[in-house]
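All residue numbers in this chain count up from 1 along the given sequence.
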Amino acid sequence: MDKNREPFISLALYHAFKWSVVSPILHTYFRGQIYGAENVPQSGPLLVVSNHASYFDPPIVSNCVRRPVAYMAKEELFNIPVLAQAIKLYGAYPVSRGSADRNAIRSALDYLNKGWAVGVFLEGTRTPDGRITDPKRGALLLAAKAKAPILPVSVCGTEKILQKGSSLPHAVPITVRIGNLIDAPTSTNKEELEALTQKCATVINKMHDLGR
């Protein structure tokens with residue numbers, strides 16, 4: 001872990017929050033099951049690509065890959081004092097929704113170049129059932145520019161955590177599957193990025209379809 005990104009106290013608070021809050025909730029309340037954790041390299045740049053169905057996905061994925069993962073978060077969240085501090089500790093950085101935020105892209109590349117893991121949702125937004133139907137190649141462009149290997153991750157069950165008419169998260173079973181590393185693209189060629197994007201989507205959807 002590169003200590004240049006965060007001071008020691010922030011890293012300490014990150015791990016304290018992970019082990020005292022996120023991990024216990026995942027493994028007890030959500031009865032979390034994790035497969036493929038041995039596929040995660042614990043050092044060096046890494047692009048984590050996954051499906052996305054819930055606001056709970058970033059901390060769950062970060063917890064399961066067992067290393068901090070920096071995620072883009074909509075900039076409005078950083079205007080909420082307590083929440084802003086919490087998501088910053090968990091590796092979030094702001095992005096303007098609906099636009100190509102160059103600052104967010106630069107932040108992601110900076111984290112990768114410092115040896116951090118960066119998380120990107122392959123479809124760019126949440127989907128109702130957690131499956132990827134329209135993957136975007138922006139994640140693979142980041143991997144190509146940073147020469148970072150790609151780790152496909154499937155999160156199953158989080159789409160049922162928040163349900164209409166309920167103010168509390170439902171205690172649904174969560175399963176996370178971590179696939180084999182995929183080599184970084186050799187170029188920023190559109191055709192190569194598109195092919196690898198589709199490969200990632202196929203791998204993630206196959207893991208997701210395995211269910212619990």
Problem - Whether over 12 other heavy atoms sit under 6.0 Å from Arg66 CZ - result: no

Practice task
Check whether more than 12 heavy atoms from other residues, nucleotides or ligands sit under 6.0 Å from atom CG of Asp183, and answer yes or no.
Solution key: no

Problem - Main-chain N/O of His52 paired to Glu123 side chain as donor or acceptor, under 3.5 Å - result: no

Completion exercise
Paired with Val153, the side chain to side chain contact (heavy atoms under 4.5 Å, CB included) test is passed by just one of Asp57, Asn51, Ile178, namely Ile178

Practice task
Find the distance between CD1 (Ile25) and OG (Ser20) and round it off to the nearest 0.5 Å.
Solution key: 9.0 Å

Practice task
Determine whether Ile161 and Phe30 make a side-chain contact, defined as any pair of heavy atoms from C-beta on separated by less than 4.5 Å.
Solution key: yes

Exercise for the section: Measure up the Tyr111 and Trp116 rings against each other and bin them: parallel (under 30°), tilted (30 to 60°), perpendicular (over 60°). Expected result: tilted

Practice task
Nearest 0.5 Å please: distance from the OG1 atom of Thr158 over to the NE2 atom of His170.
Solution key: 14.0 Å

Practice task
State whether the side chain of Ser62 and the backbone N or O of Pro58 hold a donor-acceptor pair below 3.5 Å, judged by distance alone.
Solution key: no

Fill in the blank from the handout: dist Leu181:CG -> Asn39:CG (nearest 0.5 Å) comes out at 7.0 Å

Exercise for the section: Specify the closest pair of heavy atoms between Ser50 and Ile204, including all atoms of both residues, with the distance to one decimal. Expected result: CA-CD1, 3.8 Å

Exercise for the section: Using a strict cut-off of less than 4.0 Å between a Lys/Arg side-chain nitrogen and an Asp/Glu carboxylate oxygen, indicate whether Asp110 and Arg106 qualify as a salt bridge. Expected result: no

Exercise for the section: Report yes if the side chains of Leu46 and Pro149 come closer than 4.5 Å at any heavy-atom pair, otherwise no. Expected result: yes

Problem - Where Gly157 and Val172 come nearest, the two heavy atoms and their spacing - result: O-CG2, 3.5 Å

Handout entry: Expected output: side-chain Glu192 to main-chain Ser187 donor-acceptor under 3.5 Å
Key = yes

Problem - Spacing of Lys199 atom NZ and Ile150 atom CD1 [to the nearest 0.5 Å] - result: 8.5 Å

Exercise for the section: State whether the side chain of Arg67 and the backbone N or O of Pro41 hold a donor-acceptor pair below 3.5 Å, judged by distance alone. Expected result: yes

Problem - In one Ile/Leu/Val/Met/Phe/Trp/Tyr side-chain cluster, 4.5 Å: Tyr35, Val40 - result: no

Problem - Pairwise side-chain contact, Ile105 with Leu142, heavy-atom cut-off 4.5 Å (strictly under) - result: yes

Handout entry: Short side-chain donor-acceptor distance under 3.5 Å, Arg177 and Ser154
Key = no

Problem - Joint cluster assignment, Tyr29 & Val61, ILVMFWY side-chain distance < 4.5 Å - result: yes

Practice task
For residues Leu26 and Cys64, determine if any side-chain heavy atom of one lies less than 4.5 Å from a side-chain heavy atom of the other.
Solution key: yes

Practice task
Kindly compute the distance separating CZ (Arg131) from SG (Cys156), expressed to the nearest 0.5 Å.
Solution key: 11.0 Å

Fill in the blank from the handout: For Val120 and Tyr71, the nearest pair of non-hydrogen atoms, with its separation, is N-CE2, 4.1 Å

Handout entry: Atom pair CG/OG1 of Leu140 and Thr197 - distance to nearest 0.5 Å
Key = 3.5 Å

Problem - Test item: Arg126 and Tyr55 side chains (from C-beta on) under 4.5 Å apart, heavy atoms - result: yes

Practice task
Any salt bridge (Lys or Arg N to Asp or Glu O under 4.0 Å) involving residues 132-153? Give me the pairs, sequence neighbours left out, ordered by first then second residue.
Solution key: Asp134-Lys136, Arg137-Glu194

